[in-house]
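Below: the structure, in structure tokens.
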Number of protein chains: 2
Amino acid sequence: MKADALRGHLDAMLLAVLEGEPLHGYAIIEALALRSGGELDLPTGTVYPALRRLEAAGYLDSSWSEAAGRKRRTYRLSRAGRKVLAEKRQEWKAFSTVVDGVLRPG
Amino acid sequence: MKADALRGHLDAMLLAVLEGEPLHGYAIIEALALRSGGELDLPTGTVYPALRRLEAAGYLDSSWSEAAGRKRRTYRLSRAGRKVLAEKRQEWKAFSTVVDGVLRPG
DNA sequence: GCTCCACAAGTAGAGAGGCTACGTATAGCG
DNA sequence: CGCTATACGTAGCCTCTCTACTTGTGGAGC
């Protein structure tokens, strides 16, 4: 699957995987691969800048920690992020309904 | 609806509205608005370049005609376009399944 | 000891494609 | 005579994702 098609929907997916629990960047990539049945294998050059963008927008908070000698930046959903996630779920639903309707043969 | 989310899926929708009958650019925009229940109101600056791109790729053929004193460029789906449309329908299905799966709460 | 891979974070620069804002032109209505 | 709908088009911007790269630790295999 061309991950480029994500354009505009990646933010929603990042917020969604952080809904249940805080995760660090690398774990987010793995969580997305897991949830998508292996379809999504996002490059770090896509995910890390996106996370920073979402933090700058106030939808995520982050903090550094250390585990097994490795530094991790763990992200968690902010209150604003939770709200935006709900909106983006709605938007996705509306969007996919529209595309389904247009693409349906006949 | 933010039409920017279309990114990467516009081509499929353009090919889809041309599946049943050839249409000219302006009519394509109207057809998309109709099929989407008014959700899609694409600017000409989005649609016209996209149509030319699809023609350059060999997925559409075009010809000029004149109706009511106005010149129209009518586009029709080529054999290659029909094939690509079928592929893009599959891609969309796979894509929306993945996003649904990731966005689903829990 | 050395190499390679998994883990972990990041940046720089390129490319694609949709958007805004224009420009051009005809027909018809008030 | 101006406004709106019809009809086509381009230029330049902007955003986001991608490729390719850098930096560093820990553990497994040889």
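When reading the values below, keep in mind they use all heavy atoms of this one structure, side chains included, and skip hydrogens, waters and symmetry mates. Within every chain, numbering begins at 1; the chains are lettered A, B, ... in the order of the sequence lines, protein sequences first and strands thereafter.
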Exercise for the section: Heavy atoms under 4.0 Å is the rule here; annotate nucleotides 12-17 of chain C 5' to 3' with B where the base is hit, S where only the sugar-phosphate is, and - elsewhere. Expected result: ---BBB
Practice task
Find the distance Leu42(A):CG to dC18(D):P and express it as a whole number of Å.
Solution key: 6 Å
Exercise for the section: Take atom OH of Tyr48(A) and atom P of dT17(D), then tell me their distance rounded to the nearest Å. Expected result: 16 Å
Problem - Nearest-Å distance for atom pair CZ/P, residues Arg72(A) and dA8(C) - result: 4 Å
Fill in the blank from the handout: Under a 4.0 Å heavy-atom cutoff, the residues of residues 60-67 of chain A touching DNA chain C are Trp64(A)
Completion exercise
The side chain to side chain contact (heavy atoms under 4.5 Å, CB included) partners of Ala27(B) (sequence neighbours excluded) come to Leu23(B), His24(B)
Practice task
Check for a donor-acceptor pair, side chain of Arg89(B) on one end and backbone N or O of Leu103(A) on the other, with a separation under 3.5 Å.
Solution key: yes
Handout entry: Partner set under side chain to side chain contact (heavy atoms under 4.5 Å, CB included) for Arg70(B), not counting sequence neighbours
Key = Ala68(B)
Fill in the blank from the handout: Rounded to whole Å, NE2 of His9(B) lies from P of dG18(C) at a distance of 10 Å
Practice task
Check the angle between the aromatic planes of Phe95(A) and Trp92(B) and answer parallel, tilted or perpendicular using the 30° and 60° thresholds.
Solution key: perpendicular
Exercise for the section: Side-chain contact test, heavy atoms from C-beta onward, threshold under 4.5 Å: evaluate it for Asp11(B) versus Arg53(B) and give yes or no. Expected result: yes
Fill in the blank from the handout: From CZ of Arg52(B) across to C1' of dC8(D) the rounded distance in Å is 9 Å
Problem - Test item: Thr46(B) and Leu6(B) side chains (from C-beta on) under 4.5 Å apart, heavy atoms - result: no
Practice task
Measure the shortest side-chain to side-chain distance between Thr97(B) and Glu39(A) over non-hydrogen atoms and say whether it is less than 4.5 angstrom.
Solution key: no
Problem - Exercise: identify the closest heavy-atom pair between Tyr48(B) and Gly25(B) - result: CE2-CA, 3.8 Å
Practice task
Provide the closest heavy-atom pair for Lys88(A) versus Leu15(A) in the form atom of the first, atom of the second, distance.
Solution key: CD-CD1, 4.5 Å
For nucleotides 24-26 of chain C, give me every protein contact, N/O to N/O, under 3.5 Å, one pair per line with atom names.
residue: dT26(C); atom: O2; partner: Arg70(B); partner atom: NE; Å: 3.3
residue: dT26(C); atom: O2; partner: Arg70(B); partner atom: NH2; Å: 3.1

Problem - Comparing Thr46(B) and Ala50(A) on DNA chain D - which has the more 5′ nearest nucleotide - result: Thr46(B)
Problem - Chi angles and distances behind the side-chain contact (heavy atoms from CB on, under 4.5 Å) call for Leu51(B), Arg73(B) - result: CA-CA 10 Å; Leu51(B) 289 169; Arg73(B) 189 200 284 273; over 6 Å; no
Problem - Pairing residues for Lys71(B) by the side chain to side chain contact (heavy atoms under 4.5 Å, CB included) criterion, not counting sequence neighbours - result: Trp64(B), Glu66(B)
Handout entry: Protein-nucleotide distance (Ile28(A), atom CD1; dA8(C), atom P), rounded to Å
Key = 12 Å
Handout entry: Separation of dT15(D) P from Leu54(A) CG (nearest whole Å)
Key = 15 Å
Problem - Between dA9(C) (P) and Tyr26(A) (OH): distance, integer Å - result: 9 Å
